[in-house]
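Heads up: the structure comes next, in structure tokens.
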Amino acid sequence: MERVYSRLDLLEEEMSAFEDNGFVDRFLSALLKSRKVSLTLSLPSPSIIRAKVLCEDVSIIGNLEKAFTISDLISLLYDQFLLEVRNGEGLDQLYNRVMVRTTSLPIVRTATGIYQEVDKRRIGFVPIKLDRNEALRGEVLLDDMTGLYPDHGLRLEQLLELITYDFLNEIPKKTNRLIVKHILQKIEFI
């Protein structure tokens, strides 16, 4: 049985394209695929509010023409995560990094490192858009991890939730100005 690593199931879609179609069909399919894909993440409502405020600060301080959104923030965090993976973070390190902590809300790590339960009624949903190839890269990464840790059960949505929550949870420990400055520097290279 093939594992599914996100609601999108891009890995299966890609593999099916090679199995079922000839060159012309694969070429047309590649042309018609959207460059962006949509996912919905679940995050604690206070984290969503913190993210909105941070994004507004980035837009205002950076004097951006287009508003910086939560989706932009999550995409930026995921890009940074993928960069770390590409620069040599091994699957063992990655597994330990994401699996050492609880991988599903409503149990989350607080800024002090203590695990606490989040009120399930205070979970909100955040629609995001990601570059299709980056989402596929995440599914491939999770598939590679399955080779070493077959019971990990992690999905792309959960990975994005963890990355986002951990980042937002670090904000109270740092100066907002420094965080905004760091984000603006990353945006310049996009």
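Worth saying up front: this structure is predicted, and the values here are computed from it rather than measured.
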Exercise. For Tyr78 and Gly138, indicate whether the former's side chain and the latter's backbone hold a donor-acceptor pair under 3.5 Å.
Key: yes
Practice problem: Ignoring hydrogens and angles, tell me if any N or O in the side chain of Asn169 forms a donor-acceptor pair with the backbone of Asp166 under 3.5 Å. | Solution: no
Do [X] and [Y] have side chains that approach each other closer than 4.5 Å (heavy atoms only, starting at C-beta)?
{"X": "Asp72", "Y": "Lys66", "result": "yes"}
{"X": "Leu160", "Y": "Leu130", "result": "yes"}
{"X": "Leu162", "Y": "Phe81", "result": "no"}

Practice problem: Can you sort out the partners of Ser71 under side chain to side chain donor-acceptor pair (under 3.5 Å), two or more places apart, ordered by chain and number? | Solution: none
Exercise. Taking atom NZ of Lys181 as the centre, report whether more than 12 heavy atoms of other residues, nucleotides or ligands fall under 6.0 Å from it.
Key: no
Please name the pair of heavy atoms, one in [X] and one in [Y], separated by the smallest distance, quoted to 0.1 Å.
{"X": "His152", "Y": "Leu142", "value": "NE2-O, 3.1 Å"}
{"X": "Glu157", "Y": "Arg7", "value": "OE2-N, 2.8 Å"}
{"X": "Leu10", "Y": "Leu136", "value": "CD1-N, 3.7 Å"}
{"X": "Ala135", "Y": "Leu156", "value": "O-CD2, 3.7 Å"}

Quiz prompt | From CA spacing to verdict: side chain to side chain contact (heavy atoms under 4.5 Å, CB included), Phe167, Leu54 | solution = CA-CA 11 Å; Phe167 173 79; Leu54 176 64; 3.7 Å; yes
What's the separation between atom [atom1] in [X] and atom [atom2] in [Y], rounded to the nearest 0.5 Å?
{"X": "Thr69", "Y": "Ile128", "atom1": "OG1", "atom2": "CD1", "answer": "10.0 Å"}
{"X": "Arg86", "Y": "Asp79", "atom1": "CZ", "atom2": "CG", "answer": "8.0 Å"}
{"X": "Leu148", "Y": "Asp92", "atom1": "CG", "atom2": "CG", "answer": "6.0 Å"}
{"X": "Ile74", "Y": "Thr164", "atom1": "CD1", "atom2": "OG1", "answer": "4.0 Å"}
{"X": "Leu178", "Y": "His182", "atom1": "CG", "atom2": "NE2", "answer": "10.5 Å"}

State plainly whether one hydrophobic cluster holds both [X] and [Y], where clusters connect Ile, Leu, Val, Met, Phe, Trp and Tyr through side-chain heavy atoms under 4.5 angstrom apart.
{"X": "Leu41", "Y": "Ile49", "result": "no"}
{"X": "Val53", "Y": "Ile70", "result": "no"}
{"X": "Val4", "Y": "Leu159", "result": "no"}

Exercise. Give every residue pair that meets the ring pair (Phe, Tyr, Trp, His ring centres under 6.0 Å) criterion with at least one member in residues 128-149, sequence neighbours excluded.
Key: Tyr95-Tyr149
Self-check item: Sequence neighbours excluded, every pair satisfying side-chain hydrogen bond (donor to acceptor under 3.5 Å, both in side chains) that has a member inside residues 124-143
Solution: Tyr5-Asp143, Ser6-Glu139, Glu13-Arg132, Glu14-Arg132, Ser38-Lys129
Practice problem: Only counting residues at least two apart or in another chain, list the ones meeting salt bridge (Lys or Arg N to Asp or Glu O under 4.0 Å) with Arg50. | Solution: none
Quiz item: Who pairs with Leu83 by side chain to side chain contact (heavy atoms under 4.5 Å, CB included), at least two apart in sequence or on another chain?
Solution: Gln80, Asn87
Table please: side-chain donor-acceptor pairs of residues 55-63 below 3.5 Å, with sequence neighbours left out.
| residue | atom | partner | partner atom | Å |
| --- | --- | --- | --- | --- |
| Asp57 | OD2 | Asn176 | ND2 | 2.8 |
| Ser59 | OG | Cys55 | O | 3.1 |
| Ser59 | OG | Phe68 | N | 2.7 |

